[in-house]
Structures are given as C-alpha cells and as structure tokens.
Number of protein chains: 2
Amino acid sequence: MSQTVDRALSILPLLAQGPADLGQVADRLGVHKSTALRLLRTLHEHGLVYRQQDQRYRLGARLFALAQEAVENLDVREIAHPHLAALNDRTGHTVHLAVHEDGEVLYIDKVESRYPVRMYSRIGKPVAITVAAVAKLLLADLPEPERRALAAKLDYPRYTPRSTPDAAAFLQELATVREQGWATDLGGHEESINCVAAPIRGADGRVVAAMSVSAPNVVVTAEELLALLPLVRRTAEAISHDYSGTTPPKETEESPA
Amino acid sequence: MSQTVDRALSILPLLAQGPADLGQVADRLGVHKSTALRLLRTLHEHGLVYRQQDQRYRLGARLFALAQEAVENLDVREIAHPHLAALNDRTGHTVHLAVHEDGEVLYIDKVESRYPVRMYSRIGKPVAITVAAVAKLLLADLPEPERRALAAKLDYPRYTPRSTPDAAAFLQELATVREQGWATDLGGHEESINCVAAPIRGADGRVVAAMSVSAPNVVVTAEELLALLPLVRRTAEAISHDYSGTTPPKETEESPA
DNA sequence: ATGGGCGTTGCATGGAATGCAACACGGTGA
DNA sequence: TCACCGTGTTGCATTCCATGCAACGCCCAT
C-alpha cells in the first residue's frame, strides 16, 4: 500500500539469499541506484541491513534481536516449554511447538532429540504445510471457507510417495484430523521420519498451537511412535489447561491500577 | 533518510515491546491514524507484523525466517559450530560465539551447559558490551579512532562492583586484551558468572568473531575456569584456521564456471 | 436508542521520494 | 603517468505519492 516502504521491505528477502551490492539491489528492485541507496541507508540506520567490508549489503543484526523479542512475546511458548522439555525427557525424541500465521505454519520452539540421529528443522522456519502433522492440526481448525481457500492456493510438492497429493486429499485429511483430534505424518515429508501431533487449545476451544514428537524410523518404528500418542495428547491437554488458566479469555481491558 | 520507510521501521521495535493497536502505534509515531494504518498494512503484506484476533498488531513470522536466513549466511557460524560443540563436550560449560556489528556485539551461536545451573543468554541478544569478554576482544581489534569514538559514546552500567566503570578504564582494558590476545569477564556482568574468551581471526589477521566459555562459580571457581584458557585459545585458533582456509582472503571475484 | 471509541476509506494538497546528471574515487590497463 | 572504466555518492527539479483531514461504518456500552 505504500510504495516506498514496499520497495524497502522487498530488499530484505532479496538480501536473505545472500549479500548483494548496490547495483544488484537497484536492478532487482527496478529502481535507480540512488533510490536503492537511500532505501538501504534507511534500513541500515535501523540495523536491518549491514554493510560488510567489501561494501556489499547483507541482513543485519537487529533482525535477530527483533525476532528474539517477538518470540518472547508469545506466551504459549513460555507456558508450553517446560511441558515440551518434560516430554523430551521421557521419550528422548525431538519435540516441536508450532503456530499458524497468515497461511504459514512455523515452529516456535523445539527440544532436540537425545538420539544422535536427528531430524533437521529450525525454529522460525516455515514447515511443509501440506504434510506436517502440526500443520494439519492448525489448519483443520480454521473455519471452513478459509480452509478451502487456503487448500486451493497451496502447492502440493511430492516430497515422498506418501505426501499429500492435492487439495482434495488435503481437505479430506483435515476433516479426519479435525474429527479425531490428533494428527500424524508418516514419511510424508521425509521418507524415514514420522511424527505424531496434538493440538493446544485456548479457553474458547480454538486451536492456538500444535505440538509434535518426531523420530526417524531407524530409532523407533511408526508403531512405537504411535504408542506415544496418548502421552502426547495428555501433554497437549496439560498445556492447554495452563494456557487457558493464565490467559483470561478475551479480556484485553486495562489491568487494575 | 527516507521518512516513510523510517517511520515504518520505527514500528518494529515499538511492537517488539508488546502488541499494540492502531491508535497506540499512531500516537507513538506521531502520525495520523490513517498513516499508521497504511504503514502497518505494508508491513503486514511483507509478513513483518501480524494482526491477532483482537486486531492488535505484533511482530510477524517472516521476521523469524529472515533472521534464520541471515544467520545461515554467516559462514563463521557454520565453520565454528562443530568446534564449539566439541569444546562443550570436553568442558561441559556454556560456549558462545559472538560478532561485532555497528557498535553492537551479539551472540550468533551458543551451546548450552550440561550443568543444571545455566547462565541466561539468547542468540541474537546484544551482549553487555562494556563487560563481556567477547565484546572486549572484538572491540580491541578496531582501529584506534573507532575504538575511542565507540568507547566515548557507550554507557557504562554498574552491573556489579567489578563492571567496567568508564571509558578510560574500558580503553585501558581493551589495550590489555589486545596485547594478550584473550579476555575474561570475572563477575563484571553478573556477580557469580565468569567467562574466558579468545578471538577468531580471518586470513588477514583481523578479528572476525570471538568465542567464550562461561560458568557460574557455584560450578567452577574462576581459577578452574582460567585453567581452560589454553584449550579455549587452541579451539579459537582451530576455527580461525578452518575459516581462513575455506574463505579465500578478499577474493570476491566470480567463481570459476 | 444513543453515544463514544475504534478501524477504515476517498480525496485534495504539499511534501517527499524519485531519476537524472555530474561528481568522486579506486582500480586496471595502456 | 595517464586515461578510462565501474563503483558509490550528491544536488537538484519534477512529479508522484504519502499525508492528514473529515466522514463513514461498526461494535460495544451505557
């Protein structure tokens, strides 16, 4: 909506792909060098881009700080963390916490597996939305029109033969997940990795986050992992309880002086 | 330099302090509501802010993704990580990696202590620049005028009685650190926590990063921690070697097709 | 029913972002 | 040594676009 800001912000994903010099930025933005220079300077003043010795620009430090502060403001995360850690303690497997935001699902917390063979993932990284167990739970809870709209505009990459092939299959899967209250991903993203997941609900019953336990099947078989389902669900319920308890539903009035 | 972008970016740190509604954002920016709305919309389109159910804005998901990609572009980090992990393995203590950027020093990697009592820190969080051992190393390597200028404009908070009191003391300390090639922080930030740190150098000898080992003195005394200094220095040298080897000094030409 | 608070929209105006052209600078080859 | 690129940088006139205003719609509370 604001051309100048729009251009400036477009620089960030561009630099995320790697450092670039002034000319490259200007070209890829389709603006004059002087314009790009001024935009970059403004970004620089705010610490979002950094100029390295060779004069090329790359993403800046403030970005980390902002992301950190952002994640610390998510109260679900704080409340959930001890539960996730405890679950990791009991099972030894990788535990994830994810939320949905504007058509993306992303991990906001993670407790690493104790086993040497670990799955790759990164906090902040958007997940494979069409196959991840946590994504299914979060999207299954959307109001139907939104769910349909989102399903329609997604891509359905065939990571493996068991990946969700298309929108129809996805919506079908979401219906099932919605019904049963839990979800799995059995080799849908990476052939050898399985996950089981359960939803975390707010006081109004809406799904606010989802958690999962993941393990490669060189460590445990899918059946063994599924056996953990009751435990995972109980953990999710415990978190839901904590969360609903501490966060008064919808009361955003000023706190009593 | 660009008013519009400047205003838009000012919203981010503002939201980092917690969610805010349109009116609050407009007030704190000193602009009309409609202006704030358009800025927020632009930020929203780029995923930097998110609008929660109660219509208030908070920092958005793309910020994480950007921060992640930014950190993955830092090759020092990638090269250093296995060394840090190995050092953590041998000592059991928390190991940090930090870089300097525009007058700030921040952690870009961390391997957690094995001991139950851990120090608090966060990747991405700017460090206490006047007392942290890694900060001393990074700043000690700056050209003298820059070092003086920076020292002059810093604040010198008295975290503890042993915190660096003022610019003069700081510059003195930097000189010492520069001379000896390593640094410590003995209770200068938190009374009970000590660190020893060593520099990581690029092929041209400049300090590109610094690493440290930290432990509370309920776990090991300062003397015991200092005994690890040779090991820390050897590790830093090993990283420097790896880093100089894989990153050809200053050669930013196109890679051979 | 009625008022107040909030977010939202269309529009006229002026300020601010833009592209241009000229400059500065460092490196390269003659 | 000089001239010549290819950078990044600056001042300036034009113009477009961001701005503030005022009016509207909406929801909640009284």
Side-chain angles (χ1 to χ4, degrees), chain A residues 1-12 14-15 18-46 48-60 102 143 203-204 206 248-257, chain B residues 1-12 14-15 18-46 48-60 102 143 204 206 248-256:
Chain A
M1 302 244 62
S2 168
Q3 188 184 74
T4 314
V5 179
D6 186 52
R7 284 175 173 168
L9 297 183
S10 302
I11 294 178
L12 298 179
L14 195 156
L15 290 185
D21 63 29
L22 180 60
Q24 296 170 330
V25 172
D27 284 350
R28 301 193 52 181
L29 275 188
V31 299
H32 195 269
K33 277 187 306 176
S34 57
T35 304
L37 178 68
R38 282 182 289 250
L39 296 178
L40 281 164
R41 275 222 266 255
T42 311
L43 290 169
H44 179 89
E45 272 173 20
H46 286 260
L48 298 189
V49 308
Y50 176 67
R51 192 154 204 194
Q52 32 189 30
Q53 287 87 343
D54 61 358
Q55 296 215 107
R56 293 191 305 165
Y57 295 90
R58 62 170 173 72
L59 294 179
D102 278 328
D204 54 1
R206 296 277 321 261
K250 293 278 173 189
E251 288 178 21
T252 320
E253 299 151 30
E254 69 274 37
S255 48
Chain B
M1 301 246 65
S2 170
Q3 187 185 76
T4 314
V5 178
D6 186 53
R7 284 174 173 169
L9 297 183
S10 303
I11 294 178
L12 298 178
L14 195 156
L15 289 185
D21 63 29
L22 180 60
Q24 296 170 329
V25 172
D27 283 350
R28 299 192 54 180
L29 275 188
V31 300
H32 197 268
K33 277 187 306 176
S34 57
T35 304
L37 178 67
R38 281 183 289 251
L39 295 177
L40 281 164
R41 274 223 266 257
T42 310
L43 290 168
H44 180 88
E45 273 173 21
H46 286 260
L48 298 188
V49 308
Y50 175 67
R51 192 153 204 193
Q52 34 190 29
Q53 286 88 342
D54 60 358
Q55 294 214 107
R56 292 191 304 165
Y57 295 90
R58 61 170 173 73
L59 294 179
D102 277 329
D204 53 1
R206 296 278 318 262
K250 293 276 174 189
E251 289 178 21
T252 321
E253 300 152 29
E254 69 276 38
S255 46

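Note that these values count all heavy atoms, side chains included, but never hydrogens, waters or copies made by symmetry. To find a chain, count down the sequence lines: A is the first, B the second, and so on, and within it residues start at 1.
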*For DNA chain C, whose closest nucleotide is more 5', that of B:K33 or that of B:R38?*
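It is B:K33, whose closest nucleotide lies nearer the 5' terminus.
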Find the distance [X]:[atom1] to [N]:[atom2] and express it as a whole number of Å.
X     : N      : atom1 : atom2 : value
B:Q55 : D:dC28 : CD    : P     : 10 Å
A:L22 : D:dT10 : CG    : P     : 12 Å
A:M1  : D:dA18 : CE    : C1'   : 11 Å
A:L39 : D:dT9  : CG    : P     : 14 Å
B:I11 : D:dA18 : CD1   : C1'   : 14 Å
A:H32 : D:dC16 : NE2   : C1'   : 17 Å
A:H44 : D:dT9  : NE2   : P     : 11 Å
B:D54 : D:dC28 : CG    : P     : 13 Å

_End-to-end axis angle, where each axis spans five pairs of the helix from C:dA1-D:dT30 to C:dA30-D:dT1, to 10°_ =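 The two end axes of the helix from C:dA1-D:dT30 to C:dA30-D:dT1 meet at 30°.
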Smallest separation among heavy atoms of [X] and [Y], with atom names:
X     : Y     : value
A:R7  : A:L29 : O-CD2, 3.7 Å
A:L40 : A:L22 : CD1-CD1, 3.9 Å
B:L15 : B:Y57 : CD2-O, 3.6 Å

_Contact interval (first through last nucleotide) of DNA chain C with protein chain B, 4.0 Å heavy-atom_ = C:dG7 to C:dA17
Is any side-chain heavy atom of [X] closer than 4.5 Å to a side-chain heavy atom of [Y]?
X     : Y      : result
B:H44 : A:D102 : yes
B:V25 : B:L39  : no
A:L9  : B:L9   : yes

*asked:* Does D:dC17 have OP1 or OP2 under 4.0 Å away from a side-chain N or O of A:Q3?
replied: yes
*Given D:dA18, is OP1 or OP2 found less than 4.0 Å from the side-chain N or O atoms of A:R7?*
no
*To the nearest 0.5 Å, what is the distance between CZ (B:R41) and CG (A:D6)?*
13.5 Å
*For B:S34, which contact category applies under a 4.0 Å heavy-atom criterion: base, sugar-phosphate, or nothing?*
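B:S34: base contact, heavy atoms under 4.0 Å.
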*asked:* Once you apply a heavy-atom cut-off of 4.0 Å, does A:V5 come out as touching a base, just sugar-phosphate, or nothing?
replied: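 Nothing, no nucleic acid heavy atom in range.
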*Under 4.0 Å between a Lys/Arg side-chain N and an Asp/Glu carboxylate O for A:D54 and A:R56?*
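Salt bridge: yes.
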*Whether B:H32 side chain and B:S34 backbone form a donor-acceptor pair below 3.5 Å*: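 Pair found, side chain donor or acceptor close to backbone of B:S34.
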*Whichever of A:G23 and A:S2 has its nearest DNA chain D nucleotide further upstream toward 5'*: A:G23
